[in-house]
Amino acid sequence: MTFALKTTNLSKTYGNQIEALKGVDLNVEEGDFFALLGPNGAGKSTVIGILTSLVLKTAGEVEIFGVSIDHNFKKAKSFIGVVPQEFNFNIFETPLQIICNQAGYYGIDRRTALQRSEKYLQLLGLWDKRNDIAGHLSGGMKRRLMIARALIHEPRLLILDEPTAGVDIEIRRSMWEFLKNINSAGTTIILTTHYLEEAEHLCRNIGIINNGALVENTSMRALLRQLNLETFVLDLETGLDELPAALHSIARLVDRSTLEVDIKRGETLNEVYDALSAASIHVTSMRNKSNRLEQLFVDLTRNPREASP
Amino acid sequence: MNPIAMLIAFMTIVIKEITRFTRIWQQTLVPPAISTLLYFVIFGNLIGPRIGQMDGFDYMDFLVPGLILMSVITASYQNVVSSFFGAKWGKSIEEILVSPTPNLIILLAYICGGVARGVLVGLIVTSVSLLFTDLSIFNGWVLASVVVLTAILFSLGGFINAVFAKTFDDVSIVPTFVLLPLTYLGGVFYSITLLGDFWQQVSKANPILYMINAFRYGFLGITDVSIFFSYGMIITFIMVFFAISLYLLSHSKGLRA
């Protein structure tokens with residue numbers, strides 16, 4: 001199997017002796033949509049920095065599509081497009097200049113650069129802004145500009161470091177669709193995000209880093225199967241003054257018109273509904289109390305040793 | 001990267017650099033013209049006739065080569081230090097660093113940008129000087145080569161400064177406290193033969209003295225020091241600064257953590 005990214009015992013100790021990565025072994029398959037999650041300061045950005053040569057590794061090996069960064073980093077870098085967390089373009093240049101210059105750094109001739117610039121700026125809804133000063137664009141436009149810039153050399157591996165931070169819901173969802181299409185077309189994507197709903201919605205596989213160590217590297221489905229308990233919130237049609245005694249063992253009243261029920265792994269919601277129907281309580285809507293991945297994430301990063309399989 | 005791709009990357013950075021300094025021409029091209037105009041008016045026209053001759057030439061003719069080269073030094077240094085530090089500070093330098101463009105190409109392109117501004121400013125100042133004197137050229141090859149080599153050297157100096165700089169204050173320290181005194185004491189305004197033996201020897205420790213003298217030789221055919229030694233010194237400095245710059249591009253904590 002070809003791995004888009006394979007790290008072996010990847011370690012990084014910064015000059016101030018902070019051990020940012022402690023022997024990370026990470027595999028991302030070609031064509032994958034991979035979530036790399038972790039709390040702030042866990043080491044995600046250090047991994048991305050090493051892949052893009054902005055951080056020098058202390059030890060370990062990195063291969064990008066089978067090319068070792070120790071043997072041919074220039075070739076390995078040509079496979080990667082990166083969308084960093086912070087805006088890192090010249091705010092005095094226009095989107096068209098920024099993207100065409102980026103193409104130039106990858107050795108792409110001017111004519112091809114202009115054709116691709118139009119393609120990606122159109123796709124990301126920025127074509128009308130191509131000659132505006134980049135510093136004057138809105139936050140969402142700047143994020144999309146960085147995505148267009150990362151795609152200009154049509155990389156096989158796209159790395160997105162919190163690409164939807166500070167972006168409104170509508171634009172976020174349109175970016176999700178765009179990224180899903182890019183992934184469907186064959187581009188491997190590695191995504192870091194603090195929106196766990198985003199990771200659950202987009203990604204097939206997941207790695208969780210905590211304190212510089214990889215505490216989980218599995219498929220999203222396998223990870224969600226680890227969930228032992230889910231809490232659902234039920235909105236009631238008619239308010240209740242107190243919970244019928246028959247329901248005390250399975251539900252609790254949050255307020256007059258809201259119930260919470262806990263469902264353990266292997267249990268179904270049917271018995272809850274049966275009990276509610278028997279008590280003539282009608283449910284108008286239901287939702288998870290918290291994002292499922294969020295619950296697992298909190299568990300894994302709180303006490304990784306106990307939580308690891 | 002194949003050679004054509006490297007050439008495209010090189011030209012991209014060079015064009016970007018030239019576009020940058022021509023876009024802000026009010027900050028980059030006009031000030032040296034005005035300041036040298038004032039030098040010519042005050043030192044050349046007003047004070048110069050009272051000074052009389054310097055090494056057998058009118059003071060204005062003696063002054064012109066030094067002022068041109070001083071402008072070249074300042075412009076090439078400022079171009080690279082401000083552009084590279086600005087890109088580092090705003091993080092847009094990452095656009096280049098994450099790409100497969102080799103460090104050698106990055107460095108050469110930034111040098112080229114610095115040389116382009118240095119030479120352009122040199123031409124502007126030369127044009128201004130024509131308002132005050134008729135320039136004669138003793139050796140055009142020496143003039144051209146000294147201008148280019150000096151611009152390369154100070155572009156490299158600006159690059160090293162930019163890599164180490166953490167704040168905008170750091171960018172102005174070297175030009176203010178090192179470059180300016182060395183240039184003023186490097187024989188722009190006087191011949192070191194006016195100094196006593198001790199201060200002549202001290203002056204010879206100033207590398208800018210050799211550049212200014214070599215350049216003045218190209219115009220007037222006179223020099224206080226050996227031309228060949230001047231070339232040797234400039235080229236040696238270039239090689240050392242070039243090696244340091246390349247090393248910093250790969251290993252500096254200011255660029256790659």
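Side-chain atoms are counted along with the backbone in the values below, which use heavy atoms only and exclude waters and symmetry mates. Residue numbers start from 1 in every chain, and the chains themselves are labelled A, B, ... in the order their sequence lines are given, proteins ahead of strands.
- Per-residue heavy-atom pair counts under 4.5 Å with chain A were compared for B:Leu7, B:Ile4, B:Ile96, and the maximum is reached by B:Ile96.
- Proximity to chain B is limited to the side chain of A:Val82, based on heavy atoms less than 4.5 angstrom apart.
- When each of B:Gly90, B:Ser250, B:Ala109, B:Pro100 is checked for heavy-atom pairs under 4.5 Å with chain A, B:Pro100 comes out on top.
- Between B:Phe85 and B:Phe168, the distance separating the two ring centers is shorter than 6.0 angstrom.
- Only the side chain of A:Arg149 comes within contact range of chain B, with heavy atoms under 4.5 Å apart.
- Interface check for chain B: of the options A:Leu54, A:Thr52, A:Ile50, the most heavy-atom pairs under 4.5 Å are formed by A:Leu54.
- The candidate with the highest count of non-hydrogen atom pairs below 4.5 Å against chain B, out of A:Ile91, A:Ile98, A:Val55, is A:Val55.
- Most heavy-atom pairs under 4.5 Å with chain A: of the set B:Met6, B:His251, B:Lys16, this distinction falls to B:Lys16.
- Among B:Val98, B:Leu97, B:Ile15, B:Thr101, the residue making the largest number of heavy-atom pairs under 4.5 Å with chain A is B:Val98.
- A donor-acceptor pair is defined here as one N or O able to donate and one able to accept, closer than 3.5 Å; such a pair exists between the side chain of B:Thr22 and the backbone of B:Thr19.
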Next on the checklist: Evaluate A:Glu30 against A:Arg156 for salt bridge (charged side-chain N to carboxylate O under 4.0 Å, His left out), listing each step before the verdict.
Outcome noted: CA-CA 9 Å; A:Glu30 185 170 6; A:Arg156 293 170 66 185; 3.3 Å; yes

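- At least one donor-acceptor pair under 3.5 Å links the side chain of B:Lys88 to the backbone N or O of B:Val163.
- Comparing B:Ala87, B:Ala5, B:Gly86 by how many heavy-atom pairs each has under 4.5 Å with chain A, the most go to B:Ala5.
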Item to check | Test salt bridge (charged side-chain N to carboxylate O under 4.0 Å, His left out) applied to A:Glu154 and A:Lys119, step by step | outcome: CA-CA 11 Å; A:Glu154 303 195 327; A:Lys119 174 184 166 186; 3.3 Å; yes

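- Neither the backbone nor the side chain of A:Phe73 comes within less than 4.5 Å of any heavy atom of chain B.
- Applying the ring-ring contact (aromatic ring centres under 6.0 Å, His included) test between B:Phe159 and each of B:Phe84, B:Phe164, B:Phe154 identifies B:Phe84 as the sole match.
- Only the side chain of B:Arg23 has a heavy atom closer than 4.5 Å to any heavy atom of chain A.
- Geometric assessment of A:Lys12 against the ring of A:Tyr14 yields a positive cation-pi assignment under the 6.0 Å and 45° thresholds.
- Distance check: B:Leu67 CG to B:Ser35 OG gives 8.5 Å after rounding to the nearest 0.5 Å.
- For chain A, the option among B:Glu94, B:Met11, B:Lys91, B:Glu95 with the highest count of heavy-atom pairs below 4.5 Å is B:Glu95.
- For chain B, the option among A:Leu56, A:Leu51, A:Ile108, A:Ile80 with the highest count of heavy-atom pairs below 4.5 Å is A:Leu56.
- A 4.5 Å side-chain heavy-atom check between A:Leu157 and A:Phe65 finds at least one atom pair inside the cut-off.
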